[in-house]
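This report refers to the structure that appears directly beneath it.
Side chains are part of it too, since the values below use all heavy atoms of this structure and drop only hydrogens, waters and symmetry mates.
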Amino acid sequence: VQTVTAADADTGRNSALTFSISAGNTGNKFAISGTDITLVSGLNYQTVNLYTLTVLATDGGNPQRTGTAVVYVTVLPENKYTPSLVLSNTTVTIPEDTAIGAQLIDINYIDNDLGGFGTVHFFITSGAPGNTTFTIDKTTGILRTGTALDYDTPPTSYELEITGIDNNGILTGAKSTSTTFTVSLTDVNDNSPVFAGGAAFTVNVAEDVANAASVFTIVATDQDTGN
């Protein structure tokens, strides 16, 4: 971890130095071998992230004299955990006339790391054509509609792969989890019938036309499906 050095102006055995840790060694994680501070057992950033070690240098004189120095050991976090999904329901059903920008679902991944390694960002990694049909807030995980939807124009269901990436969304050293969410549309009677040829017609009929004879055929269409 660190090499310590000290000097003693005496000569002979009076200048012979030994080193020890006299304070700050929480959990006895460190030891000194010669002049080297070594790690004895594993560290955990989430338990202790800074050790303030007091190193004692003792000479070989009689009486002995000592000197001290402080060594600060900072424990850096490790990205140990992968984001995990909190939600159990991954299916959303909405009417086709849902407003643009409407909130559909609040997707939540949790990560038990601390700091940046525990901060998850959200991305739609597949399933949204052009990444505009649906949008997701990368910091909150809220999924929204991005464009107008239409049940009568396929698809009527979308399979969205949502990926949560830790390390503040920075890919280097990051861990990620992907989950498929299904957004299904329900049909709405949102179209009115339209007459072919306009809304007004003129028909000439001879006065001697027989009863029940066909005098005109009306054609109308409706862009909705089903009933």
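- Rounded to the nearest 0.5 Å, atoms CZ (F122) and OG (S176) are 12.5 Å apart.
- Between Y158 and L185, the shortest heavy-atom distance links the atoms CE1-CD1, 4.2 Å.
- Nearest heavy-atom pair across V209 and A213 is CG1-CB, 3.5 Å.
- Counting only distance, with no hydrogens or angles, the side chain of K29 and the backbone of G42 share a donor-acceptor pair below 3.5 Å.
- Looking only at distances, no side-chain donor or acceptor of T177 sits under 3.5 Å from a matching main-chain atom of S84.
- Side chain of R13 to main chain of G60: a donor-acceptor pair is present (N/O by atom type, distance under 3.5 Å, no hydrogens or angles).
- In this structure A6 satisfies the side chain to side chain contact (heavy atoms under 4.5 Å, CB included) test together with L17, F19, A57, sequence neighbours excluded.
- Between T35 and T3 the shortest side-chain heavy-atom distance falls below 4.5 Å.
- Counting all heavy atoms, side chain and backbone alike, Y109 lies closest to T163 at CE1-C, 4.3 Å.
- No side-chain heavy atom of V75 sits under 4.5 Å from any side-chain heavy atom of L50.
- Residues L87 and I124 share a single hydrophobic cluster, defined by chaining ILVMFWY side chains whose heavy atoms lie under 4.5 Å apart.
- I21 and V40 fall into different hydrophobic clusters, where Ile, Leu, Val, Met, Phe, Trp and Tyr side chains are chained together by heavy-atom contacts under 4.5 Å.
- Evaluation of the side chain to side chain donor-acceptor pair (under 3.5 Å) test over residues 65-81, restricted to residues two or more places apart or in two chains, returns N79-D166.
- A 4.5 Å side-chain heavy-atom check between L53 and V73 finds at least one atom pair inside the cut-off.
- To the nearest 0.5 Å, atom CZ of residue R144 and atom CG of residue D106 are 9.5 Å apart.
- To the nearest 0.5 angstrom, F134 atom CZ is 6.5 Å from L104 atom CG.
- Screening T156, I94, V183 for a side-chain contact (heavy atoms from CB on, under 4.5 Å) with L149, the sole residue that qualifies is I94.
- Linking ILVMFWY residues whenever their side-chain heavy atoms come closer than 4.5 Å, directly or via other members, places I37 and L39 in the same cluster.
- Cluster membership for L85 and I142, using ILVMFWY side-chain heavy atoms within less than 4.5 angstrom, is not shared.
- Under the 3.5 Å distance criterion, with hydrogens and angles disregarded, no donor-acceptor pair is assigned to the side chains of D36 and T38.
- The shortest heavy-atom contact between P95 and T186 is CA-OG1, 3.2 Å.
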Run the numbers on L76 and Y45 for side-chain contact (heavy atoms from CB on, under 4.5 Å), then give the verdict. CA-CA 6 Å; L76 301 178; Y45 174 87; 5.7 Å; no

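- Hydrophobic clustering of Ile, Leu, Val, Met, Phe, Trp and Tyr side chains at less than 4.5 Å, counting indirect connections, keeps I100 apart from I136.
- In the displayed structure, K138 atom NZ is contacted under 6.0 Å by at most 12 heavy atoms of other residues, nucleotides or ligands.
- Using a 4.5 Å cut-off on side-chain heavy atoms (C-beta onward), T52 and V70 make contact.
- Here L56 contributes atom CG and T18 contributes atom OG1; the two are 7.5 Å apart, rounded to the nearest 0.5 Å.
- The closest side-chain donor-acceptor pair between E159 and T182 falls under 3.5 angstrom.
- Counted by atom type alone, T125 and E161 present one or more donor-acceptor pairs between their side chains at under 3.5 Å.
- K175 NZ to D113 CG: the interatomic distance, rounded to the nearest 0.5 Å, is 8.0 Å.
- For the pair E96 and D152, the minimum side-chain heavy-atom distance is below 4.5 Å.
- Side chains of F123 and I165 form a contact here, defined as non-hydrogen atoms less than 4.5 Å apart.
- Side-chain contact between F181 and T91 is absent, with no heavy atoms from C-beta onward closer than 4.5 Å.
- Between the N25 side chain and the F30 main chain, a donor and an acceptor come within less than 3.5 Å of each other.
- Side-chain contacts under 4.5 Å among hydrophobic residues (ILVMFWY), followed directly or transitively, place V86 together with I110.
- Here the side chains of I32 and V55 are in contact, with some heavy-atom distance below 4.5 Å.
- Here the straight-line distance linking atom CD1 of I107 with atom OG1 of T90 works out to 9.5 Å at 0.5 Å rounding.
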